[in-house]
Amino acid sequence: MRKWLVNSLIMIICLVLAACGGTNSSTTSTKNAKEKSSVKNSQGVTDDEILIGGWVPQSGPAAQWGILAEVYQSYFNKVNADGGVNGRKLKYIAIDDEYQPSKTVAAAKKLVEQEKVFAILGTTGTAHNKAVKPYLTQKGIPVVAVASGDSAFVKPAVKNYFALQTNYDIEARIFSTYANKELKAKSVGIFYQNDDYGIVYRDAAVEELNKLGIKVAAQESYNPTDVDFSAQALSMKKASPDVVFLFASPKPAASFLKEFDKIGGSAERMLTYTSADSTMIDLAGADVMEGVLSTTWVKSLKDKDNPLIKEYVDQISKDIPKQDPNSVFMRSAWAYAQVLVEGLKRSGDNLTWENFIKQMETLKDWDGSLAYNVTYTSDYRYGQTSVKISQFKGGELVDISDVIKYEP
Amino acid sequence: MAGQIIIGGLAAGSLYALAALGLILIFKTSDIVNFAQGEMAMLITFISFTFLTVTKLPYFVSFLLSLVIAFIFGMAVERIFMRPVQKAPILNQIILTFGLYMVFRGVAGIIWGYTPVGFPEALPNKHFNYVGITITINQIFIFVVTTILMLGFYLFFKHTKIGLAMRASSQNIATAKLMGIGVSSVFTRTWGISAILGGIAGILIAPVTFLDPNMMGEVGIKAFAAAILGGFTSLPGAIVGGLLIGVFEGLIAGYVSSELKSVFVFALIILVLYVKPTGILGEKITKKV
Amino acid sequence: MLLELKKVTVSFGGLTAVNNLDLQVDEGMIFAIIGPNGAGKTTILNCISRFYTPCSGQISFKGENLLTKKTHKVLASGISRSFQNVELFSKMTVLDNLLVGLHPSLKSSLLSNAFKTKKNKQEEEAAKEIAFEILELFDLKHHANEEVRNLPFGIQKMIDIGRAIISKPKLLLLDEPVAGMNIEETKKNAELITRLRDEFGITILMIEHDMSLVMNISDRIAVMDFGKKIAEGTVTEVQNNPKVIEAYLGEVQEDVGT
Amino acid sequence: MKIKRLQILFISILLLGYPLLVGFSSYFIYVAGLFIIYAIMAMSLNLLTGFGGQISIGHAAFLAIGAYTTAILTLKLGLPFWLNLPLSGVITAIVGFLIGLPAVRLSGHFLAIATLAFGLAIPEIMLKWEGLTGGFAGLFIEKPSLFSSDTSFYYFTTVIALIITWLILNLLKGNFGRAFVAIRESEIAAEAMGVNVSLYKTLMFSISAFFTGIAGSLYAYFVGFISPHDFNMNISLIVLAMIVLGGLASITGSILGAFILTIIPQVADRFPGFTITITGAALILTILFLPNGLISLFNYKWKRKKTENKQLSLEG
């Protein structure tokens, strides 16, 4: 009898310990938050610190995006080294959600209710972001730069949501327009990832191409984990479109392009911006990538004299020396963090969610980040729809057009 | 079109077959399905990559060096982890290899990160066209390597003393011991050799799938499918199974749906297992009462 | 006649294990099959308990064709068995092992099991009572809640037999019931087997190498060699059969000697 | 037996009092809810794998079928929640039965791989079947109006979990449970004792799928959003890990395992990439040093004491 009592007690202690850590912090910080909000600021802000959080998959199938968290931290390091935001240092909490929506929900609740962050920055995964959108909307916490170009976060505009990267739907339309005007395409083939990301692209492209009277010659899809793309490349070659749109993540896009090149497929190729960076040269080879078109919404590193570029390259090579700073993920992440910090700066000492959102809406064609012309209003939350057309030339991605602004 | 699909399928299939060889070798001798085989291959590929890029060794030197490390690594895994569960229930062995799978993948992520990188091909990139069918020299190379390895081990099992010993230990550990075979050293060496096979597979597969900790995910699963289809104890079965799956998958992707190709493969496996639970070339298992 | 085998032949991939065997076991008998290893004795038991299907021949039990029955239906028709290497459920308790032997007679449904209805409880109680009767008979009551694997082999052998008779079969197949037992235990088991026949009316068909046991308690003995029956009769008949003495008994004595 | 009941009694009291302990924090209640749902799944898997000896590496597929059934019945047919919950279980059980049919012919590694294939195929079918499942975009499910808050649904989940625990314990104690364990221990002897081994194996798959399907239904309501990302092979592996870590063939072990492996990612989520490594290492260490799972630590002394007593009484 005594034995099991002891055993059960041990079990209880285990359970309670796990719970208690939270109980204490939750009750105390609730008090703190209340005091503060009655005084002035929203949660996550103290006299010398602003707490920012987000989830990023750092293990599991999408772990390659884990690099985003490191870039945010790197940017905050730079801001903190320069004295912080109005004297407050930035503290960043990244949570690994393993790319599992149920864990994303836990992460969001943890960040909002336990960690009490002021804002949520650059969170990944369309499905994952969608899963927590009702909760975060209800809480009203600012969500800056959702790392997904899905329209769900901008259409209709939600008070606390600020998108930044080019909307997928819009990029597909830019591709279609470009194929029509510049490439004089009669037919287009689409290679897309069979998931929320690829399908959004495909639907928009098909709609726009039909509008422009361009034939959709082939629609070839694949599953994100696939490794063999010979069948798709073959069907694409058989359909012989003038232009191929690739709405795919880097690995499949590289494999497909290699395969397409090998079997002698020839067409203008346009690759979505989410994959278009130096990684592609490494994966597919410069020969294969030669001439592939894309769009970029973040500034190219070519312009070395630009102080924005210089501070980026310097800081990244210091904090994340192993990675090539040219990566589109990393430049995007830097831009996300820049926009957030600009909003904080403009909020001054009035760090409430209400004021932050108001101040974010004062951004108008703001060009102080790696992104072009960042703009927010109460019903325009795309952040930007300004891109440059770029092209892979001689093993590099170079911009070949001026900024094109697309009106959604 | 069909011709090219079949060639593409055969090329993918020989990757699966190559990855399956190590699995079968371990199963044949020690009756363990190593779910960590793919991740071991991935680790060795990363090691080879480190030799290539950090120490700037030539391709074949780093290839060979990493295979030496593979051998030691495989033996170490057997000695440290698998030996204690040699007599444990199958479930324990399966779970243990799954644990290894998780640890290897996690560790690789911590050390090398998750950003995919390109890996050089074994031979210069060249391809041939013949009646509208394209094939690369590396595809042929992979197929040839797989076949040679398979034949080599097949003959090794059939005709050499160690091979016989390895086979005997798979049949019956107690009897093999009585016959004076050092069962445990046979097991250890088997794991070493399987790790080498995994390493070869990984290094040859990496240019196709690109190198990251998840690189063997899909190929690994298809390798299991190939092994199962071939019977899991038969080395030629691995090739038959691998090629069959590659071609089947290609045809499904080409004519039915590229998104459902894996589903069809899994359905095929379940069907084959249902009709012939020991696979196409598997040995019959008789129930003893 | 309780059990009848007619021209039964069993072969595995070209190897004939049992060749054209005729066998008749009458009710109330203790019938022993003896013969050297590999003579096909266990194969016969496996055919009767329907693990194997003979290539040809007939097996009937109480006049019914046994070969149309599935393995798990054999027990319900009144044939039970023990195993050479005690196929006990080693991580289950002694009590649970015996209760599995009652499986076909427990009729309560999955749902009444899951919701523990009154009917289910009563049935379980009744089953436990029967199990304890058997334990009493075998003098194993104090082991009831122990896991079988922790018990000595001799006791495991007894439990194996207990599990086989708990369903009150008409015919009990015993595969080497005293193998691995010492003289004391063998004696005890011999008594037990006789009691099973005398008190419970169970007909027994057994395979055994221990000649003293066989000669002591059998009513009838069949001798097998290389899948064929070479002799059959009462103890004295068999003992005096020159064929048996030459082909079999001599060899066994040698075996025992070594 | 008694000790198990008391352990479960304590766990249930604790679970019911838990929201008070954590001050109704929505995060802690959410994590606890996930734990309970995984505990149901782990118990069902343990019934099949630990007690019945049939390995399944594709159990997340059953969770998926349960969750999607609930979502689809709610969204497309507008069925009420009290109907959805059992229906999800029943439909999953039917799929479990169909999967059990071929599985009967397989054992050990072959069964493991067949179930692995099943587990991989289901999410891909969900993806392809976009019209019904929303593909990768997933589906949103509102909590039933009766239990619309996290806390009230947490209580509902807890009560369902306790009922399921009770049902499984009853099953295991009775004739069916004995037959399941008998099949694990020796198929031959079980068959000889009149157990219809093939039928019981499919039955095991169905029962396990039934409860997992209910867990899936609760999951859909509780998380509020489902997509194929939630049911990949990793989830199957983690649940398998739960029962091994906690203790095969132990109900309290399943609960303990579910608890630990739900907590590890929450504690380790600030250390990127370590979750999978820690989980893997925990599995390896358990198999090597505690093959009966962590629960054996709790039961060990108690058992030894019991046998000591017995020996004493024997000698006496």
Side-chain angles (χ1 to χ4, degrees), chain A residues 57-67 70 96 191-195 198-199 219-235 237-238 249-252 254-255 258-265 277 279-285 287-288 320 322-324 327 329-330, chain B residues 1-13 15-16 102 105-106 109-110 112-119 121 125 127 129 132-136 139 205 207-219 221-222 246 249-263:
Chain A
Q58 285 157 317
S59 53
Q64 77 224 45
W65 294 329
I67 190 75
E70 292 178 50
D96 180 8
F191 174 70
Y192 67 97
Q193 184 158 312
N194 177 34
D195 67 2
I199 286 168
Q219 293 184 35
E220 292 300 320
S221 68
Y222 67 92
N223 285 336
T225 53
D226 284 357
V227 292
D228 173 31
F229 303 92
S230 48
Q232 288 94 331
L234 211 62
S235 307
K237 189 193 165 199
K238 211 174 141 224
S249 40
K251 282 208 301 185
S255 290
K258 265 168 94 170
E259 190 71 29
F260 190 64
D261 178 73
K262 190 186 86 192
I263 58 171
D277 68 12
T279 317
M280 291 299 293
I281 307 279
D282 178 34
L283 298 184
D287 296 348
V288 170
I320 320 172
K322 264 203 262 175
Q323 296 287 336
D324 177 5
S327 146
F329 287 157
M330 292 168 70
Chain B
M1 169 119 173
Q4 181 70 51
I5 284 187
I6 289 169
I7 290 296
L10 290 175
L15 295 183
Y16 305 152
M102 290 176 170
R105 196 175 265 207
I110 292 167
W112 289 288
Y114 287 91
T115 311
V117 288
F119 195 91
E121 308 216 43
N125 202 358
H127 56 256
N129 277 301
I133 293 173
T134 314
I135 188 159
T136 68
Q139 286 174 338
I205 289 168
V208 183
T209 62
F210 308 122
L211 179 58
D212 69 17
N214 297 328
M215 71 171 266
M216 291 301 280
E218 185 76 4
V219 177
I221 285 162
K222 297 285 160 68
E249 190 179 71
L251 291 174
I252 294 290
Y255 296 108
V256 183
S257 154
S258 53
E259 295 138 20
L260 284 184
K261 66 179 185 186
S262 297
V263 174

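Numbered from 1 within each chain, the chains take letters A, B, ... in sequence-line order.
Neither the backbone nor the side chain of Ala233(A) comes within contact range of chain B; no heavy atoms are under 4.5 Å apart. Using a 4.5 Å cut-off between heavy atoms, Pro207(B) touches chain A through its backbone atoms (N, CA, C, O) alone. Looking at Thr279(A), only its side chain comes within 4.5 Å of chain B, counting heavy atoms on both sides.
Ile5(B) is listed as a side-chain neighbour of Leu234(A), based on a closest heavy-atom distance under 4.5 Å. Annotation: side chain of Ser59(A) is in contact with side chain of Tyr114(B) (closest heavy-atom distance under 4.5 Å).
For chain B, the option among Gln323(A), Lys322(A), Glu220(A), Lys237(A) with the highest count of heavy-atom pairs below 4.5 Å is Gln323(A). Interface summary for chain B: among Ser221(A), Pro250(A), Ser230(A), the most heavy-atom pairs under 4.5 angstrom belong to Ser221(A). Of the residues considered (Lys251(A), Lys258(A), Gln232(A), Gln64(A)), Lys251(A) shows the highest number of contacts with chain B, using heavy-atom pairs under 4.5 Å. Chain A forms more heavy-atom pairs under 4.5 Å with one residue of Lys261(B), Glu218(B), Glu259(B) than with any other, namely Glu259(B). Heavy-atom pairs under 4.5 Å with chain A were tallied for Val219(B), Thr209(B), Ile205(B); the largest tally goes to Thr209(B).
The structure places CG of Leu283(A) at 10.0 Å from CG of Leu211(B), a figure rounded to the nearest 0.5 Å. Taking CD from Gln139(B) and NZ from Lys262(A), the interatomic distance works out to 3.5 Å, rounded to the nearest 0.5 Å. Rounded to the nearest 0.5 angstrom, Asp324(A) CG and Thr115(B) OG1 are separated by 10.0 Å.
Looking at Asp282(A), its side chain never comes within 3.5 Å of a backbone N or O of Val117(B) through a donor-acceptor pair.
When all heavy atoms of Gly254(B) and Ala231(A) are compared, the closest pair comes out as N-CB, 4.0 Å.
Look at Asp228(A) and Lys222(B) and you find no salt bridge, because none of the NZ, NE, NH1 or NH2 atoms lies under 4.0 Å from a carboxylate O.
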